[in-house]
Amino acid sequence: MSRMVIIDRDGVINQDSDSYIKSADEWIPISGSLEAISRLKKAGYLVTVASNQSGLARGFYSEETLKQIHDKMKQMLAVRGASVDGIFYCPHGPEANCVCRKPKPGLLIQIAHQFDIDLSVTPFVGDSISDIQAAQMANALPVLVRTGKGEHVMQHYPEAVDVPVYDDLAHFVRDTLKKNAS
């Protein structure tokens with residue numbers, strides 16, 4: 001069975017914004033995040049992205065704009081000799097009450113089925129309480145990074161206290177690859 005790391009997008013791979021990432025120009029990678037994905041890929045991991053994109057439902061950007069944002073991410077990864085194996089996103093707003101919107105586990109379960117992976121050994125790296133809750137509901141391994149909303153989660157959500165915390169995605173990848181090498 002393949003090893004995989006599932007990663008939230010906004011606040012983990014790229015800088016987040018309370019007013020949403022609404023264009024490719026606004027999509028700015030967090031320092032070291034793309035290199036971290038490249039290191040995972042070179043170590044033989046599958047890497048997928050699981051992201052709520054309610055800005056679609058709210059009319060802040062179109063599917064075409066979201067595709068441009070993801071194309072920019074893919075191009076920046078390609079320069080580093082890397083790629084992601086899949087980008088999964090929920091296009092719904094919170095009121096839709098769908099199964100794919102984190103904190104519900106739908107996106108993670110969809111990824112597990114598509115790639116035939118065991119979520120119980122699969123980290124889901126996120127920066128929000130909904131990422132942690134989705135990982136827990138899907139029986140995946142929740143991981144919190146301090147970037148994005150991570151610091152806020154650490155200060156305001158006591159249920160996050162038992163979740164492993166890393167400074168950023170690069171720190172998580174460095175430790176993960178070191179652990180698996182020994």
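Throughout, numbering of the chain's residues begins at 1 and tracks the sequence.
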Inset, instruction - Hey, could you give me the CD1/CD1 distance between Ile37 and Ile13, rounded to the nearest 0.5 Å? - result: 4.0 Å
Inset, instruction - With sequence neighbours excluded, tell me which residues meet side-chain contact (heavy atoms from CB on, under 4.5 Å) with Pro164. - result: Tyr166
Legend entry - Beyond-backbone contact of Ile21 with Ile69, side-chain heavy atoms, under 4.5 angstrom: yes
Inset, instruction - Looking only at non-hydrogen atoms, find the nearest pair between Ala50 and Ile111 and report the distance. - result: CB-CD1, 4.0 Å
Inset, instruction - Starting from Leu141, walk the hydrophobic network (Ile, Leu, Val, Met, Phe, Trp, Tyr; side-chain heavy atoms closer than 4.5 Å) and list everyone else you reach, by chain and number. - result: none
Legend entry - Distance in Å, Met76 CE paired with Ile28 CD1, rounded so as to fall on 0.5 Å steps: 9.0 Å
Donor-acceptor list for residues 154-163 side chains, cut-off 3.5 Å, not counting sequence neighbours:
{"unit_1": "His156", "atom_1": "ND1", "unit_2": "His152", "atom_2": "O", "d": "3.0"}
{"unit_1": "His156", "atom_1": "ND1", "unit_2": "His152", "atom_2": "ND1", "d": "3.2"}

Inset, instruction - Output yes when a side-chain donor or acceptor of Ser38 lies under 3.5 Å from a complementary backbone atom of Leu34, and no otherwise. - result: no
Legend entry - Test side chain to side chain contact (heavy atoms under 4.5 Å, CB included) applied to Asp8 and Phe124, step by step: CA-CA 7 Å; Asp8 175 51; Phe124 176 38; 4.2 Å; yes
Legend entry - Partner set under side-chain hydrogen bond (donor to acceptor under 3.5 Å, both in side chains) for Lys41, not counting sequence neighbours: Asp85
Inset, instruction - Classify the side-chain pair Gln53/Ser51 by whether it contains a donor and acceptor separated by less than 3.5 Å. - result: yes
Legend entry - side-chain hydrogen bond (donor to acceptor under 3.5 Å, both in side chains) contacts in which one or both residues fall within residues 21-32, not counting sequence neighbours: Asn14-Trp27
Inset, instruction - Output yes when Lys67 and Asp71 qualify as a salt bridge under the 4.0 Å nitrogen-oxygen rule, no when they do not. - result: yes
Inset, instruction - Determine, stepwise, if the pair Lys104 / Asn97 fulfils side chain to side chain contact (heavy atoms under 4.5 Å, CB included). - result: CA-CA 9 Å; Lys104 292 188 179 169; Asn97 200 26; 2.6 Å; yes
Inset, instruction - State the CD-OG distance between Gln15 and Ser33, to the nearest 0.5 angstrom. - result: 9.0 Å
Inset, instruction - Side-chain contact test, heavy atoms from C-beta onward, threshold under 4.5 Å: evaluate it for Ser83 versus Met73 and give yes or no. - result: no
Legend entry - Of all pairs that satisfy salt bridge (charged side-chain N to carboxylate O under 4.0 Å, His left out), the ones with a partner from residues 128-148, not counting sequence neighbours: Lys102-Asp131, Arg146-Glu151, Arg146-Asp167
Legend entry - Min side-chain heavy-atom separation Val153-Leu144 under 4.5 Å: yes
Legend entry - Path from Ile30 to Leu40 over hydrophobic side-chain contacts below 4.5 Å: no
Inset, instruction - Using side-chain contact (heavy atoms from CB on, under 4.5 Å) as the criterion, list what pairs up with Ala43, not counting sequence neighbours. - result: Tyr45, Leu177
Legend entry - Note, Leu169 side chain near Ile7 side chain (heavy atom, < 4.5 Å): yes
Legend entry - Residue pair Cys90 / Ser54, side-chain heavy-atom distance below 4.5 Å: no
Inset, instruction - Answer with yes or no whether the side chains of Ser120 and Asp118 bring together a donor and an acceptor at under 3.5 Å. - result: yes
Inset, instruction - Let me see the working for Cys100 and His92 under side chain to side chain contact (heavy atoms under 4.5 Å, CB included), right down to the final yes or no. - result: CA-CA 8 Å; Cys100 61; His92 308 111; 3.4 Å; yes
Legend entry - For Arg80, all residues meeting salt bridge (Lys or Arg N to Asp or Glu O under 4.0 Å), sequence neighbours excluded: Glu35
Legend entry - Point-to-point distance, once rounded to the nearest 0.5 Å, from OG of Ser128 to CG of Asn52: 7.5 Å
Legend entry - Atom pair CZ (Arg101) and CG (Leu107), whose distance is rounded to the nearest 0.5 Å: 10.0 Å
Inset, instruction - Indicate yes or no: at least one non-hydrogen side-chain atom of Val5 is less than 4.5 angstrom from one of Leu46. - result: no
Inset, instruction - Tell me, please, which residues at least two apart from Phe60 pass ring-ring contact (aromatic ring centres under 6.0 Å, His included). - result: Tyr20
Legend entry - From Lys74 atom NZ to His70 atom NE2, the distance as rounded to the nearest 0.5 Å: 8.0 Å
Inset, instruction - Please name all residues satisfying side-chain hydrogen bond (donor to acceptor under 3.5 Å, both in side chains) with Glu63, sequence neighbours left out, ordered by chain then number. - result: Tyr89
Inset, instruction - Return the set of residues passing side-chain hydrogen bond (donor to acceptor under 3.5 Å, both in side chains) with His113 (not counting sequence neighbours), or none when no residue passes. - result: none
Legend entry - same_hphob_cluster(Ile132, Val143) at 4.5 Å side-chain heavy-atom cutoff: no
Legend entry - Over all atoms of both residues, closest heavy-atom pair of Val12 and Val145: CG2-CG2, 3.8 Å
Legend entry - Worked check of side chain to side chain contact (heavy atoms under 4.5 Å, CB included) between Leu108 and Ile6: CA-CA 8 Å; Leu108 304 183; Ile6 304 170; 3.8 Å; yes
Inset, instruction - Over all heavy atoms of both residues, which pair between Asp127 and Asp16 is shortest? Give the atoms and the distance, please. - result: OD2-OD2, 4.4 Å
Inset, instruction - Using side-chain hydrogen bond (donor to acceptor under 3.5 Å, both in side chains) as the criterion, list what pairs up with Asn139, not counting sequence neighbours. - result: none
